[in-house]
S.K.: 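Dumping the structure here so I can ask a few things about it.
Letters go in sequence order (proteins before strands), and every chain restarts at 1.
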Number of protein chains: 2
Amino acid sequence: MRPSQALRLWQQVLLSQVRENEPDLTMRQTAILLTIYLDPPPHTVRGLAARLNVTKPVITRALDTMGALKLVSRHRDELDKRNVLIRRTVEGALFVERFGDGIVAKAHELPI
Amino acid sequence: MRPSQALRLWQQVLLSQVRENEPDLTMRQTAILLTIYLDPPPHTVRGLAARLNVTKPVITRALDTMGALKLVSRHRDELDKRNVLIRRTVEGALFVERFGDGIVAKAHELPI
DNA sequence: GCAAATTGTTTCGCTTCCGTTTCAGTCCGC
DNA sequence: GCGGACTGAAACGGAAGCGAAACAATTTGC
């Protein structure tokens with residue numbers, strides 16, 4: 001893949017996301033969402049903050065927003081009640097799946 | 001490209017963007033930026049709003065933000081002074097180039 | 001020449017995000 | 001037990017985003 005193709009792909013995917021009024025997540029939120037859905041659980045606020053090199057409140061707020069959108073859910077860890085475990089949801093899985101399919105579709109439409 | 005690969009690529013690119021404290025643009029802003037740098041000029045507020053299916057103030061505000069970051073610049077059209085022409089900048093070109101290279105690099109690191 | 005249309009910006013009230021700091025709840029070593 | 005360490009959330013002031021509507025500046029049509 002050449003940089004010009006990569007940029008064009010990125011543009012096309014973003015354009016379709018924006019145009020179709022998908023939830024307007026920030027770059028950070030999207031990074032968090034994909035990490036939750038691609039990296040193996042368990043996911044904690046602290047772990048995500050470390051993985052993204054951001055502060056914990058950033059994760060907390062992102063989870064608030066994505067929780068309201070039903071893209072993720074929070075559950076208190078029963079073994080260590082200080083922890084909050086972030087879990088995937090059906091809606092979130094569908095959203096991520098749709099997103100991945102969108103990328104592949106746009107990649108196929110690209111000129112060579 | 002399979003959806004799982006596409007998602008993994010997207011995650012890796014977003015993670016590096018977030019971690020390296022690159023300008024935290026929204027999805028809309030990124031879509032606007034890439035459109036300015038990939039689609040042929042001239043670019044106007046109205047044209048970008050139509051291309052992204054958003055309102056004009058969205059474009060105006062995004063240009064304010066990205067203008068402050070020196071990623072784009074605005075110039076009044078001398079032929080039709082109602083228009084504002086959006087132009088590329090050296091900083092913006094470097095940013096976009098770096099972004100494209102980043103995608104390619106992450107693509108190469110991906111498992112098959 | 002002048003009303004109507006077009007373009008981009010501004011304003012309004014509201015929501016969301018930011019970094020920093022502080023707080024409440026929980027666990028652990030002693 | 002109990003003080004210190006740890007985890008996630010809440011509070012705070014400030015910045016920036018949103019949609020809708022109103023706005024100046026400019027061009028166009030008659």
S.K.: Rounded to the Å, how far apart are B:Leu48 CG and C:dT7 P?
M.R.: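 Taking atom P of C:dT7 as the reference, CG of B:Leu48 is at 13 Å.
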S.K.: Going by heavy atoms closer than 4.0 Å, what residues in residues 22-41 of chain A are next to DNA chain D?
M.R.: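 Result for residues 22-41 of chain A: none.
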S.K.: Tabulate below the donor-acceptor pairs under 3.5 Å that side-chain atoms of residues 92-106 of chain B make, not counting sequence neighbours, or state none.
M.R.:
unit_1: B:Arg98; atom_1: NH1; unit_2: B:Glu22; atom_2: OE1; d: 3.3
unit_1: B:Arg98; atom_1: NH1; unit_2: B:Glu22; atom_2: OE2; d: 2.8

S.K.: Got B:Arg28 and B:Val58 here, is their nearest side-chain heavy-atom distance under 4.5 Å?
M.R.: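 SC-SC contact between B:Arg28 and B:Val58 confirmed.
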S.K.: Measuring from A:Gln17:CD to A:Thr30:OG1, what's the distance to the nearest 0.5 Å?
M.R.: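 Atom-to-atom, A:Gln17:CD and A:Thr30:OG1 are 8.0 Å apart.
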S.K.: Looking at DNA chain C, which of residues 56-65 of chain A put a heavy atom within less than 4.0 Å of it?
M.R.: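 When residues 56-65 of chain A is checked for heavy atoms under 4.0 Å from DNA chain C, the hits, listed by number, are A:Pro57, A:Val58, A:Arg61, A:Thr65.
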S.K.: Using a distance-only test with no angle check, is there a side-chain donor-acceptor pair under 3.5 angstrom linking A:Ser4 and A:Arg2?
M.R.: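 A:Arg2 and A:Ser4 do have a side-chain donor-acceptor pair below 3.5 Å.
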S.K.: So, does B:Thr89 use its side chain to make a donor-acceptor pair with the main chain of B:Ser73 at under 3.5 Å?
M.R.: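 Not confirmed, B:Thr89 side chain does not pair with B:Ser73 backbone.
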S.K.: Test: side-chain hydrogen bond (donor to acceptor under 3.5 Å, both in side chains). Region: residues 49-65 of chain A. Which pairs qualify, not counting sequence neighbours?
M.R.: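 Checked against side-chain hydrogen bond (donor to acceptor under 3.5 Å, both in side chains) - neighbours excluded - the pairs reaching residues 49-65 of chain A are A:Asp39-A:Arg51, A:Asp64-A:Arg74.
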S.K.: Are any non-hydrogen side-chain atoms of B:Leu15 and A:Leu34 less than 4.5 angstrom apart?
M.R.: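 Sidechains of A:Leu34 and B:Leu15: no contact.
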S.K.: For DNA chain D, note the earliest and the latest nucleotide, 5' to 3', having some atom under 4.0 Å of a heavy atom belonging to chain B.
M.R.: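 Range of nucleotides touched by chain B: D:dG17 to D:dT27.
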S.K.: Is the backbone N or O of B:Ile36 less than 3.5 Å from a side-chain atom of B:Arg88, with the two atoms forming a donor-acceptor pair by type?
M.R.: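 Pair found, side chain donor or acceptor close to backbone of B:Ile36.
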S.K.: Which of residues 75-87 of chain B sit near DNA chain D, with a heavy atom under 4.0 Å from it?
M.R.: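 Contacts with DNA chain D under 4.0 Å: B:Leu79, B:Asp80, B:Lys81, B:Arg82.
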S.K.: For B:Arg8 and B:Gln5: C-alpha separation, side-chain torsions, deciding distance, then whether side chain to side chain donor-acceptor pair (under 3.5 Å) applies.
M.R.: CA-CA 5 Å; B:Arg8 181 63 69 179; B:Gln5 291 175 307; over 6 Å; no
S.K.: Hydrophobic clusters here meaning ILVMFWY residues chained together by side-chain heavy-atom distances under 4.5 Å, can you tell me if B:Leu85 and B:Leu33 are in one?
M.R.: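 No; B:Leu33 is not reachable from B:Leu85 via cluster members.
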S.K.: Is there a donor-acceptor pair under 3.5 Å between the side chain of A:His43 and the backbone N or O of A:Ile86?
M.R.: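 Flag not set: sc A:His43 to bb A:Ile86 has no pair under 3.5 Å.
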S.K.: Decide side-chain contact (heavy atoms from CB on, under 4.5 Å) for A:Arg76 and A:Asn83; before the verdict, give the C-alpha distance in whole Å, the side-chain angles of both, and the deciding distance to 0.1 Å.
M.R.: CA-CA 6 Å; A:Arg76 187 62 69 172; A:Asn83 286 328; over 6 Å; no
